[in-house]
Amino acid sequence: MPVFDHPEFDHHQQVVHGCDEASGLRAIIAIHDTHRGPALGGLRIYPYASEADALTDVLRLSRGMTYKSALADLPLGGGKAVIIADPRRDKTPDMLRAMGRLVESLGGRYITAEDSGSSEADMRIIAETTAHVGGLGHDGTSGDPSPFTAHGVFCALKSAVRHGLDRSDLAGLRVAIQGVGHVGAHLARQLHDAGASLVLTDVDRDALGRLADELGADVVAPDAIVDEDVDVFAPCAMGAALSPQVVQRLKARVVCGAANNQLASPEVAERLEERGILYTPDYVANAGGVIEIAWQRRGDYRREDVMRHIEGIGTTLDAIFERALREHRSPALVADDLARERFRPTP
Ligand code: NAD
């Protein structure tokens, strides 16, 4: 399986495979870039169909973390880790401790954190064997980054609505949220409080029904959400929500959500542009969680400073949307350029 020639390689600094026979650990850690600081990124535990799939995922996610931290102005680089295992069946404390030893062997170049398949409790076990764990919570608070991520998406959405719909407040705005899990549910509540009306979907019908009742929101089936007659479409479930076919169906004029890697392929950014739909670059909008984790690593954590930093996502997006308009380019491409200017040292 080639690494240097992999389509997602993009100048990764280091890719490490780790194995522990006793616990069954099979893991890959990818460090994309450390020019701005140590590479921070979550640990995904997933039953990948093949090692090749795991490698593709970790490379893409790790690269994304470099861009995210750079545009959030954090002293961090980008990295990610995956364990090839079913988190419900295969995950054991011994496997997590072995993962901790692998992280520790990199001497702090990579800092791990929660991601899908790994929990805060798992991070505490990993922390038994490595000092390089982020997001364990501040002063006894929960380490759950979702409320911070949701607040960042909320600020991003306000900026996107200003630029894409020329509206300065959210009252009366209609928003479709795809996925009301950790982040989507927090976002729904914030939008509801700001006067937006909501249409929600999720494959978990019980959680969906409870939230819809609480907020007086409409509910549609998962495959119908993209056809809804709304102002904003907020992908908050899995990656690749935006394919060329989905873009053709969208009635929303603005896309802004929490999901990572929303574009099924880079060309989709152009399709959105052609249809006059303003796309909010995902890694800019969903940086609230990593911003909060970065503050936990400092000695001077103050919640109001964290929230101010997260609200800066709106200002960053204002600049991206203005430049995109001036240059007649997709905000996705403009964001990538701006990020590279921040993490690639000028020769
Ligand atoms: P989550 O697993 O809690 O929520 C995802 C929700 O989407 C679940 O309720 C799930 O049932 C639902 N879902 C799955 N497939 C669906 C489908 N086809 N249609 C509709 N709903 C579907 O995850 P989360 O922590 O809320 O994260 C949501 C997204 O945001 C993910 O892409 C994640 O990578 C990204 N993200 C999360 C954070 C964070 O702080 N949690 C930070 C950055 C990015």
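The figures here come from the full heavy-atom set of this structure, side chains too, leaving out hydrogens, waters and symmetry mates. None of these values were measured; they are calculated from a predicted model.
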ask   = Do M123 and L61 share a hydrophobic cluster, counting only Ile, Leu, Val, Met, Phe, Trp and Tyr and linking them when any side-chain heavy atoms are less than 4.5 Å apart?
value = no

request  = Find out whether L198 and D218 are in side-chain contact, i.e. whether some heavy atom of one side chain is under 4.5 Å from a heavy atom of the other.
outcome  = no

request  = Spell out, as yes or no, whether a donor-acceptor pair under 3.5 Å connects the side chain of T56 to the backbone of A52.
outcome  = yes

task = Scan side-chain atoms only and decide if D94 and T92 contain a donor-acceptor pair under the 3.5 Å cut-off.
result = no

inquiry  = For a quick check under 3.5 Å, do E214 and H192 share a side-chain donor-acceptor pair by atom type?
reply    = no

ask   = Can a salt bridge be assigned to the pair D337 and R329 using a cut-off of 4.0 Å between side-chain N and carboxylate O?
value = yes

query = Would a 4.5 Å heavy-atom cut-off, applied to side chains only, mark I313 and L317 as touching?
reply = yes

key: Atom CD of E21: over 12 foreign heavy atoms under 6.0 Å   = no

ask   = What's in the same ILVMFWY side-chain cluster as L242, cut-off under 4.5 Å, chained through other members?
value = V199, V220, I225, V226, V230, F233, V246, V247, L250, V255, L263, V268, L272, I277, Y279

request  = Please examine the side chains of R174 and V232, heavy atoms only from C-beta on, and report whether any two atoms are closer than 4.5 Å.
outcome  = no

query = Under the salt bridge (charged side-chain N to carboxylate O under 4.0 Å, His left out) criterion, do E341 and R323 qualify, and how do the steps go?
reply = CA-CA 15 Å; E341 286 163 19; R323 182 161 153 188; 3.7 Å; yes

key: Of all pairs that satisfy ring-ring contact (aromatic ring centres under 6.0 Å, His included), the ones with a partner from residues 160-187, not counting sequence neighbours   = H163-F321

query = With hydrophobic residues grouped by side-chain heavy-atom distances under 4.5 Å, do M238 and L208 end up in a single group?
reply = no

ask   = Are T112 and Y110 linked by a side-chain donor-acceptor pair shorter than 3.5 Å?
value = yes

inquiry  = Quick check against the 3.5 Å criterion: does Q14 have a side-chain atom that pairs as donor or acceptor with the backbone of A30?
reply    = no

note = For residues 258-284, the salt bridge (charged side-chain N to carboxylate O under 4.0 Å, His left out) pairs (sequence neighbours left out) are R271-E274

message = Within the structure provided, determine whether L173 and V175 are in side-chain contact (heavy-atom separation under 4.5 Å).
response = yes

Donor-acceptor pair, side chain of N286 and main chain of A258, under 3.5 angstrom = yes

ask   = So, the side chain of R124 versus the backbone of L136: is there a donor-acceptor pair under 3.5 Å, distance only?
value = yes

message = Has D336 got a side-chain atom pairing as donor or acceptor with L333's backbone, closer than 3.5 angstrom?
response = no

message = Ring-plane angle category for F154 and H151, please: parallel below 30°, perpendicular beyond 60°, tilted otherwise.
response = parallel

request  = Taking the side chain as every heavy atom from C-beta outward, state whether I84 and P47 have any atom pair closer than 4.5 Å.
outcome  = no

key: Pairs satisfying ring-ring contact (aromatic ring centres under 6.0 Å, His included), at least one member in residues 74-100, at least two apart   = none

message = Side chains of D20 and M95, heavy atoms from C-beta outward: is any pair under 4.5 Å?
response = no

task = For S116, check side-chain hydrogen bond (donor to acceptor under 3.5 Å, both in side chains) against everything at least two apart and list the hits.
result = R44

request  = Could you check if a side-chain atom of L59 sits within less than 4.5 angstrom of a side-chain atom of H12, using non-hydrogen atoms only?
outcome  = yes

Path from V306 to V153 over hydrophobic side-chain contacts below 4.5 Å = yes

task = Start with the C-alpha gap between L76 and R297, add the side-chain angles, then the distance that decides, and say whether side-chain contact (heavy atoms from CB on, under 4.5 Å) holds.
result = CA-CA 11 Å; L76 293 170; R297 292 173 47 78; 4.2 Å; yes

request  = Take L74 and R36, measure what side-chain contact (heavy atoms from CB on, under 4.5 Å) needs, and give me the verdict at the end.
outcome  = CA-CA 8 Å; L74 300 174; R36 293 180 63 88; 5.5 Å; no

Test item: L102 and I29 side chains (from C-beta on) under 4.5 Å apart, heavy atoms = yes

task = Not counting sequence neighbours, list each pair that qualifies as a ring-ring contact (aromatic ring centres under 6.0 Å, His included) and has a residue in residues 54-93.
result = Y67-Y283, Y67-F343

inquiry  = Tell me whether the count of non-hydrogen atoms from other residues, nucleotides or ligands lying under 6.0 Å of CG in D166 goes above 12.
reply    = no

inquiry  = Among I320, D318, L325, which residue satisfies the side-chain contact (heavy atoms from CB on, under 4.5 Å) criterion with E322?
reply    = D318

